[in-house]
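On a predicted model such as this, the values are computed, not experimentally measured, just so you know. Protein chains get the first letters and strands the later ones, always in sequence-line order, with residue 1 at the start of each.
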Amino acid sequence: MIRSGKLATGLGLAGLIVLFGLVGPLLTGDPATIRDVGLTPPGGEHLLGTTLTGQDVLAQLAHATRGSLWIGVLVGVMATVLSGVFGIVGAYAGGIVDEVFSLFSNVMLVIPGLPLVIVVAGFVPADQRGTWTIALVLAITGWAAAARVLRAQTLSLRNRDYVAAARVSGERTWRVICVEILPNLLPILASQFVFAVVLAILSEAGLSFLGLGAANSSTLGTMLYYAQNGFALQREAWWWFVPPGLVIALFGGALVLINFSIDEIINPRLRDRARRGRDVVAVEAEIAPVDDDAVLTVRNLNVVYQAATPVHAVKDVSLTLRRGEILGLAGESGCGKTTLAYAINRLHRPPAEVTSGSVVFHNGADVDVLALEPEELRQFRWAQLSMVFQGAMNSLNPVTPIRAQLQDVLRTHRPSMPAAQREERCAEVLRLVGVDPARLGSYPHELSGGMRQRVMIAMALLLDPQVMIMDEPTTALDVLVQREILNEISRLRDELRFAVIFITHDLPLLLELSDRIAVMRDGEVVEYATAEDVYLRPQHPYTRQLLASFPSLTGERGALIT
Amino acid sequence: MGYYLRKLAFYLTALWAAVTLNFVIPRMLPGNPVDILMAKLQQRGGSVDPAARTAYETLLGTGGRESFAEEYFAYLGNLLRGELGVSVSAFPAKVSDVIGDALPWTVVLVGLATLLSFLLGVGLGAVVGWKRGTWLDALVPATTVLSAVPYFWLALILVALLSSGLGWFPLNGGYDVVLDPGWSPEFIGSAIYHGTLPALTIVISSIGGWLLGMRNMMVSAMSEDYVLTARAKGLTDSRTMIRYAARNAVLPSVAGFATSLGFVVSGSIVTEQVFSYPGIGSKLLQAVQNNDYALMQGIFLVITIAVLGANLVVDLLYGLIDARTRDRSTVS
């Protein structure tokens, strides 16, 4: 479980401080004993020196640490229970209960805490201000932020299938919450508890420093209060003032480190990761194109995911894309077809690495894509080779209008183009794919799924590239829209003569659409032939198996594309 | 329009809750604030006529003559007219005048320091997230640990080192007392000079939260498809980072302003105490120490209204920078 130094350091430090708070008071003497050795520097009999009245700082520190920890734990428990009740129960119950609870949490959240605490502490006479009062007030003012997070999490959990199943099968509400929901929230609850403890210790220190702390209590805050009122810093008695704050800082720091580790458990993406220096390991020497008409040649390309056990995702793939051709890339999910497509444009993310092979682009001169410098690669992308990704929903930036995302391309690749011409070009490509240019001002969420995918295709056309890679561009769409878009792609290809690499798991669709087809399995191209040959004379057993799994193929051809 | 109306309704509810809380607290808690106030007033040579007593009773309760509801509506009426009563600690000044004098100091100090901290934290967070895996990663635990350090402790140590030790900054106060407050360049210069160290402590203690939040959202945003699209489009690195990744990653930080503003205000109360800054926080403490309940209530109300107002502004701004929220039909 201890996967990082952070967690170990955090736990170790926090453990030491807790131990000091628990055991320390037993070993040190009475913190209140007054001696005539005021403001003795550390050393000898008094390891941390003495206060103005000759009290032992170490003894005081031990008792104060215990007091602060006790407040922290009290508040942590109470605040976590409150946030659980208002966050989890509200979200689970739903309806009016949720509305009221959520409104209440939000109101509590925006009312500033410490001023409220100060006002409350101001009204309660000092002799009635005990540890429990302070803890209660701190808990009441400190739970709301956590409740909001818990509510959001619970809302997403309660709609999961296994929770729905438990509810349908008639389990009691409290049982569903405790057995099905709570365990999933544990990391978040733990993180919030830790945060509440830190916050409580800090707030209590602040209150005590202002003279509004619990009466007759001994905490790190009251210790600082006395040190400040005894002019510790002005008398250069740093040993009196610095240690209490340092204990709070170290404990807070330790809990923060623990929280980091919990965050990384909740969200694995946050884990520390070494930055990748390279995306291409070996670049092979140039090989002259076999085919005069080729626009893109891929030779013996290998891509490996450098995990603990390396995964060889693309094995020795060689492909040739001719001018104006549609090359279909078929295979089941996980066969490496998307990894291949990304590697061609060097978009593969770590830990993926191109270990060997070559990708050469032919447009007048040959361009060795794998050898391009970062700036050359940036200029090459989209101008020569554009892409249409699976799921246009997420490919468009949700917070800017379509116009900005189309114009971005022109601004970067054609900096000298005047604004009016830019606008005209964007309208033109939208018209090409059958979208009203009036939609340029729309945000992605205002468009239908089909329209978003058309916008993506329009974007890919902006710079008149030679090659377009389409990664399952129609998978998320309904059949009717899918057919419209496929017709659109065929028509545009005929008009504009760009070449397409079309990736899909849908072999019948490729038989209709493409000129040639490559079938991939486990990272290898097992069949590579014209569409007709693949359909009529499949060579590899896997291809035959794939074809056999589509019974509709025995019917007439040409049903998909009209 | 629905979005803005809902937000307005929410903040009116919150305001009502705060006002009511302010009314209920002195009535719920032990002690008899009105008697203490009247005694104080007498000490200060103030009038002890029944009218003054009735005014305090409306504010703080424990009168017993009127019904709870009557008292509540009289209290709301007073608030609407801006009548917050007379301060006993600054007798015979009215509470509203005391607050009016102190408020600009806090608004400028806390406002500027918070804005600076937010901009720095979010900016650094974006860069740290983008350059993940480099030495910049060390900034995250470093600044977060700083936010676990008690505000006032850090501030006092900085004062001891930078002001007493090196003499770079003044020890305390909001301006040089030999100058007359006004818009003269000397006075403004002095105010800036005196405000630098308090602002610095606020920035140091609060920057870690912004930085961490932004960095984590940045890491999540970088694996989104629209960032991949931006890279495939051959956009420059800086454009991809700012317009695509950071533009989306900053949204939760803006939305989280509500949570943090409360902390910042709380911290500034302590900071003002440390620096004897003539702001609203030191007035609040002065009120608490002198049992000046009317001033206490007035200040709590003003702070709450200021925080609610700032949040409302941020929410309206959020509607501008994220079009999706305006179109969402349900309350999130």
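Of the atoms belonging to A:L210, heavy atoms from both backbone and side chain fall under 4.5 Å from chain B. When heavy atoms are compared at a cutoff of 4.5 Å, A:F241 approaches chain B by way of both its backbone and its side chain. Residue B:L146: no heavy atom, backbone or side chain, is found under 4.5 Å from chain A. With a 4.5 Å cut-off on non-hydrogen atoms, B:V288 touches chain A through its side chain but not through its backbone. Residue contact with chain B, scored on non-hydrogen atoms closer than 4.5 Å, involves the side chain of A:R411 exclusively. Both the backbone and the side chain of A:L103 come within contact range of chain B, judged by heavy atoms closer than 4.5 Å. Within the 4.5 angstrom heavy-atom criterion, no atom of B:L15 approaches chain A. Only the side chain of A:Q228 comes within contact range of chain B, with heavy atoms under 4.5 Å apart. Both the backbone and the side chain of B:Y244 come within less than 4.5 Å of a heavy atom of chain A. Interface remark: B:V227 contributes no atoms to any contact with chain A (heavy atom separation under 4.5 Å). Looking at A:V256, only its side chain comes within 4.5 Å of chain B, counting heavy atoms on both sides. In this structure, the portions of B:L156 lying under 4.5 Å from any heavy atom of chain A include both its backbone and its side chain. There is no contact between A:L462 and chain B, counting heavy-atom distances below 4.5 Å. For B:A160, the part sitting under 4.5 Å from any heavy atom of chain A is the side chain, from C-beta outward, and nothing else. Only the side chain of B:R239 comes within contact range of chain A, judged by heavy atoms closer than 4.5 Å.
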Q | Steps toward side-chain contact (heavy atoms from CB on, under 4.5 Å) verdict (B:L312, B:F10) | A | CA-CA 9 Å; B:L312 179 62; B:F10 168 72; over 6 Å; no
Q: Begin from the C-alpha positions of A:R381 and A:M387 and carry the test side-chain contact (heavy atoms from CB on, under 4.5 Å) through to its verdict.
A: CA-CA 9 Å; A:R381 283 177 180 162; A:M387 297 184 84; over 6 Å; no
**Q.** side-chain contact (heavy atoms from CB on, under 4.5 Å) between A:M108 and A:I140, intermediate numbers included
**A.** CA-CA 9 Å; A:M108 284 305 287; A:I140 288 174; 4.2 Å; yes
Q: Determine, step by step, whether B:M217 and B:V250 satisfy the side-chain contact (heavy atoms from CB on, under 4.5 Å) criterion, reporting the C-alpha distance in whole Å, the side-chain angles of both residues, the deciding distance to 0.1 Å, and the verdict.
A: CA-CA 7 Å; B:M217 284 316 297; B:V250 80; over 6 Å; no
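Taking all atoms of both residues into account, the shortest heavy-atom contact from B:A148 to A:L202 is O-CD2, 3.5 Å. Minimum interatomic distance between A:S68 and A:E204 (heavy atoms only, all atoms of both residues): OG-OE1, 4.1 Å.
Annotation: side-chain contact (heavy atoms from CB on, under 4.5 Å) contacts of A:V137 (sequence neighbours excluded): A:V117, A:V120. Partners of B:A306 according to the side-chain contact (heavy atoms from CB on, under 4.5 Å) rule, which considers only residues two or more places apart in sequence or in another chain, do not exist here.
Taking chain A as the reference chain and counting heavy-atom pairs below 4.5 Å, the highest number among B:I157, B:T13, B:V274 is found for B:I157. Here B:L228 is the residue among B:L228, B:L284, B:I299 with the most heavy-atom pairs under 4.5 Å with chain A. If you tally non-hydrogen atom pairs under 4.5 Å between each of B:L308, B:D237, B:T236, B:L154 and chain A, the highest count goes to B:T236. In terms of heavy-atom pairs under 4.5 angstrom with chain B, the leader among A:V242, A:T141, A:V198 is A:V242.
Heavy-atom contacts from other residues, nucleotides or ligands closer than 6.0 Å to CZ of B:R247 number more than 12.
Using a 30° and 60° split on the angle between ring planes, A:F389 and A:Y342 fall in the perpendicular class, above 60°.
Between B:W16 and B:F23, the ring center distance fails the sub-6.0 Å criterion.
Side-chain contact between A:Y443 and A:P401: present, with at least one pair of heavy atoms (C-beta onward) separated by less than 4.5 Å. Side-chain contact between B:L285 and A:L212 is present, with heavy atoms from C-beta onward closer than 4.5 Å.
At a heavy-atom separation below 4.5 angstrom, chain B is approached by A:G245, A:L246, A:I248, A:A249 within residues 243-250 of chain A.
B:E224 and B:S220 share no side-chain donor-acceptor pair at under 3.5 Å.
Listed by first and then second residue, the salt bridge (Lys or Arg N to Asp or Glu O under 4.0 Å) pairs that reach into residues 300-315 of chain B are B:K7-B:D315, sequence neighbours excluded.
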